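Okay, structure first, notes after.
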Amino acid sequence: MADPRTLYQEVILDHNRKPRNYGVLEHPSHHAEGVNPLCGDHITVALDVAGETVAGIAFQGESCAICKASASMMTAAIKGKTRAEAEILIQEFLDMATGKRDLGQLSHIGRLTVFAGVRELPMRVKCAILPWHTLHAAFHSVASVSTEADADPMPAPIGNG
Amino acid sequence: MNAPLPKNRSAPAFDVARIREDFPILKLKVHDQPLVYLDNAATSQMPQQVIDRLVRYQTTQHANIHRAVHYLSETATAEYADARRKLQKFIHAREDREVIFTSGTTDSINLVMHAYGRKFIGAGDEIILTTLEHHSNIVPWQMLAEERGAKIRVVPINDDGELLIDEYEKLFNEHTRFVGVTHVSNALGSINPVKRMIAFAHERGVPVLVDGAQAAPHMPIDVVDLDCDFYAFSGHKQCGPTGIGILYGKAALLERMQPFKGGGDMILSVTFEKTTYSTIPHKFEAGTPPIAAAIGFGAAVDYLSAIGMDRIAAHELELLNHATEQMQGLSGVRIVGNARSKAAVLSFVIDGIHPHDVGTLLNQEGVAVRTGHHCAQPVMQRYGIPATSRASFAFYNSLSEVDALIAGIRKVQKVFA
């Protein structure tokens with residue numbers, strides 16, 4: 001069985017405590033909102049895309065540590081990348097978190113492997129991938145997304161009672 | 001067989017260790033730690049006595065009921081009827097025909113909405129619910145209100161999670177047709193003064209449905225003393241199987257209600273010109289019911305009654321008081337819901353740590369709690385929080401398990417320090 005302590009390691013706790021790129025952009029070219037209503041995770045991602053390059057990125061919101069750290073590390077990884085590079089990274093992160101691809105098949109994921117353990121915690125996958133879905137939505141100017149139904153391997157409400 | 005033990009007036013000390021022996025699942029280890037199961041408000045565990053009863057039914061008694069004249073069908077029919085009588089006695093109902101088997105509390109409430117609501121509630125009528133309701137006692141009434149043009153009025157709560165009874169009484173007017181109230185809040189544990197609320201509604205000729213899903217497993221229930229018109233609860237929250245529950249309804253009301261589902265077993269005669277419905281409770285039990293589950297539910301209330309619901313309530317109060325005291329001693333932890341009259345449910349939030357992180361890390365210590373909105377989003381909105389962590393106790397929990405929860409919370413705080 002997975003040990004969640006391997007997920008709650010220092011780098012994730014640090015990004016939760018001191019999230020990078022946390023706040024708003026003055027004049028974003030793209031932005032989107034991501035909500036998981038059942039757990040209450042809620043974040044916004046704003047982008048300043050100059051030509052093909054992400055010149056600025058920021059996020060804000062209320063969420064669990066996994067979601068916030070994922071958003072923080074995402075913004076750090078995406079800043080300065082081209083839109084095409086960003087889309088590759090988004091796909092790699094989603095495939096890693098949902099267990100579709102093994103780490104050996106991922107060539108751009110880098111330090112984001114700290115989130116690999118989330119695949120062993122089906123109820124928490126949607127927390128980790130919400131920022132990435134929101135980023136994807138921002139690129140495509142979709143106003144609002146949720147990861148509770150589609151990417152959750154156990155697509156059900158949190159439960160009864 | 002399976003007769004409840006006579007109530008012992010000078011009851012011996014509550015022997016939790018002995019009771020825990022009845023529950024094979026409590027011997028499990030999770031992450032190499034003894035399982036500390038504190039999610040009883042979601043569902044409870046099953047004692048060997050109930051498991052054995054299910055096996056005995058399935059291996060020696062199973063057939064369809066109310067159908068054939070052969071031995072097995074007669075046996076299954078008798079055992080199913082016996083289970084109904086056990087439930088009747090458990091809630092002290094006057095007659096067994098006032099007990100309708102359903103698939104659970106949600107099904108029971110939906111039955112009342114369709115069979116009573118759609119017949120007697122119309123445009124401009126008002127339904128009173130409370131802030132503390134589980135979604136299952138909100139959504140069916142919203143569906144009815146939308147269909148019929150009726151209106152829902154909501155009883156507010158104070159900061160401790162207690163219903164404001166003055167406000168409840170002020171909501172009544174000439175349009176009030178129905179009241180739905182939970183006996184015990186699943187999110188906060190508040191025990192509502194339902195007897196007083198029912199008396200007030202009845203003075204104005206308004207019937208009351210009580211959602212007893214969180215009350216019936218934890219305290220003695222007397223539907224005649226409460227004088228409720230409907231009382232609903234589930235088997236799986238009180239040591240029984242999933243997929244079974246009951247709706248208690250006063251016979252006079254049930255007889256005036258329309259059937260909810262049509263099918264076999266609920267009719268006297270059928271021609272293509274006209275169908276005559278059967279009497280209660282059969283009128284509301286179309287199709288083959290979950291026979292095994294109903295018999296298992298009967299065995300579960302036998303098991304609980306043998307221990308004694310008053311003794312169960314006393315032990316759980318001891319657990320709650322110990323847990324509350326311990327948790328109040330933790331800095332950065334806030335209990336949500338401090339009703340003076342409270343069942344053994346402890347909702348809490350920890351400064352700077354999201355409930356889902358709390359739940360995942362407590363699981364690492366073998367401690368199972370529920371995190372989220374507990375299907376009671378209006379309660380969460382009232383406190384301006386998206387979610388809480390919730391420890392909910394059963395009679396088979398021990399004081400040392402409370403201590404394991406507290407130690408687990410300290411560890412969670414250490415990880416995030």
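Remember, it's a predicted structure, so these values are computed and weren't measured experimentally. Quick note on labels: first sequence line is chain A, next is B, and so on, each numbered from 1.
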| Taking atom OG1 of B:Thr360 and atom CD1 of A:Ile66, what is their separation to the nearest 0.5 Å? | 7.0 Å
| said: Between A:Leu13 and chain B, with a heavy-atom cut-off of 4.5 Å, which part of the residue counts as in contact: side chain, backbone, both or neither? | reply: side chain
| message | Counting only heavy atoms not in A:Glu10 (residues, nucleotides, ligands), do more than 12 fall under 6.0 Å from its CD? | response | yes
| request: Indicate the atoms forming the closest heavy-atom contact of A:Tyr8 with B:His356, along with that distance. | output: OH-O, 4.2 Å
| field | B:Lys27 atom NZ, over 12 foreign heavy atoms within 6.0 Å | value | yes
| request: State, to 0.1 Å, how close A:Ala65 and B:Asp357 come at their nearest heavy-atom pair, and which atoms those are. | output: N-OD2, 2.5 Å
| field | Heavy-atom neighbours of A:Glu62 CD exceed 12 at 6.0 Å | value | no
| field | Residues A:Asp41, B:His354; criterion side chain to side chain contact (heavy atoms under 4.5 Å, CB included); working and verdict | value | CA-CA 10 Å; A:Asp41 285 346; B:His354 192 280; 3.8 Å; yes
